[in-house]
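Here is the structure we will look at.
Scope of the values below: all heavy atoms of this structure, side chains included, with no hydrogens, waters or symmetry mates. Keep in mind that this is a model prediction, so the values were computed, not measured.
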Amino acid sequence: MYSEPMSHLPDPERQVAFYDGVTVKRGLAWVVDTVLIALITLPISVFSIVGLFFLPLMFLIIGFLYRWMFIAGGSSTPGMRLMSIEFRNAHGARLDGGEAFLHTLGFTVISSTVILQLGSIVMMFVTERGQGLHDMLLGTVALNRRY
């Protein structure tokens, strides 16, 4: 049986509460997660000495693993949990390990290019479900968590 893409997600017009303020919360969650990733990366870099020479690469790798593991484990990062938001796939389910990997990969690639990053942020503010570029490609969406 055919169903419309994303038909299993809350309707942004009739169920506004699921999407209310999510874009701003995603931005704040990103700040929290970036600080936590830095707090993990810096001691590892300092204690490994060689790590200081590879600090940006270590930050990228640790950030990737941090996001992938947390999203795979609960469909949200610690920053997202603090902001009470989580990711869902087009079927309304939490992201599994493979979807979390692809979402994190998309996020990482888009974050590495200023134009793509800015475009993705603009998309979060103008699309009806607040989806960024990687969300649109994967059919994922960030929602306010149910209480």
Side-chain angles (χ1 to χ4, degrees), residues 1-45 51 54-147:
M1 183 171 135
Y2 174 77
S3 66
E4 288 291 319
M6 305 188 107
S7 64
H8 301 288
L9 292 170
D11 184 281
E13 291 179 18
R14 291 183 290 144
Q15 297 168 302
V16 179
F18 283 99
Y19 301 97
D20 189 38
V22 169
T23 300
V24 172
K25 290 179 181 181
R26 281 180 84 166
L28 294 171
W30 176 85
V31 171
V32 170
D33 290 328
T34 300
V35 168
L36 291 173
I37 292 165
L39 290 173
I40 295 167
T41 304
L42 287 175
I44 293 170
S45 297
F54 298 103
L55 185 62
L57 180 61
M58 287 185 70
F59 186 83
L60 181 73
I61 292 169
I62 291 169
F64 186 92
L65 293 172
Y66 168 96
R67 291 179 198 287
W68 178 26
M69 290 185 331
F70 279 114
I71 293 171
S75 219
S76 60
T77 63
M80 292 175 69
R81 290 178 190 149
L82 183 65
M83 298 297 141
S84 296
I85 57 175
E86 65 186 2
F87 288 120
R88 295 297 176 121
N89 65 21
H91 300 287
R94 291 180 171 199
L95 275 58
D96 62 25
E99 292 168 324
F101 178 83
L102 291 174
H103 194 276
T104 303
L105 181 62
F107 170 83
T108 304
V109 169
I110 288 168
S111 295
S112 69
T113 308
V114 174
I115 292 174
L116 291 177
Q117 180 68 8
L118 290 174
S120 189
I121 292 168
V122 168
M123 286 178 67
M124 287 181 205
F125 280 104
V126 300
T127 58
E128 67 179 355
R129 287 190 164 92
Q131 295 170 286
L133 182 57
H134 55 299
D135 295 315
M136 294 291 269
L137 293 172
L138 295 171
T140 57
V141 66
L143 300 172
N144 284 311
R145 295 175 82 164
R146 296 181 187 169
Y147 297 97

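R81 pairs by the salt bridge (charged side-chain N to carboxylate O under 4.0 Å, His left out) definition with nothing, not counting sequence neighbours. Under the rule for a side chain to side chain contact (heavy atoms under 4.5 Å, CB included), the partners of T108 that lie at least two apart in sequence or sit in another chain are L60, F64, T104. Partners of T41 by side chain to side chain contact (heavy atoms under 4.5 Å, CB included), not counting sequence neighbours, listed by chain and number: I37, S45, L55, M58, F59, I62. Residues forming a ring pair (Phe, Tyr, Trp, His ring centres under 6.0 Å) with F87 (at least two apart in sequence, or on another chain): H103. Taking the salt bridge (charged side-chain N to carboxylate O under 4.0 Å, His left out) definition, one finds that E99 meets it with nothing, sequence neighbours left out.
Other residues, nucleotides and ligands contribute over 12 non-hydrogen atoms within 6.0 Å of the CG atom of L57.
Nearest heavy-atom pair across R26 and A142 is CD-CB, 3.8 Å. Listed here is the closest heavy atom pair of G132 and S120: CA-OG, 3.4 Å. In this structure, V141 and R129 approach most closely via the heavy-atom pair CG2-O, 3.5 Å. A100 approaches A72 most closely through the heavy-atom pair CB-N, 3.5 Å.
To the nearest 0.5 Å, the span separating CG on L116 from NE2 on H134 amounts to 11.5 Å. One finds the CD1 atom of I121 at 11.5 Å from the CG atom of L133 (value rounded to the nearest 0.5 Å). Atom CG of D135 is separated from atom OG1 of T140 by 3.5 Å, given to the nearest 0.5 angstrom. How far CG of L9 is from NE2 of H91: 9.5 Å, rounded to the nearest 0.5 Å. To the nearest 0.5 angstrom, M80 atom CE is 7.0 Å from S75 atom OG. The CG atom of N89 lies 7.5 Å from the CG atom of D96; values are rounded to the nearest 0.5 Å.
In this structure, Y19 and L143 have side chains that are in contact, with non-hydrogen atoms separated by less than 4.5 Å. Between N144 and K25 the shortest side-chain heavy-atom distance falls below 4.5 Å.
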Evaluate side-chain contact (heavy atoms from CB on, under 4.5 Å) for Q131 paired with M124, printing each intermediate quantity in order. CA-CA 5 Å; Q131 295 170 286; M124 287 181 205; over 6 Å; no
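Identified under the side chain to side chain donor-acceptor pair (under 3.5 Å) test for residues 29-38, with sequence neighbours left out: D33-Y66, D33-T77.
A distance-only check finds no donor-acceptor pair linking the side chain of D20 to the backbone of A17 [under 3.5 Å].
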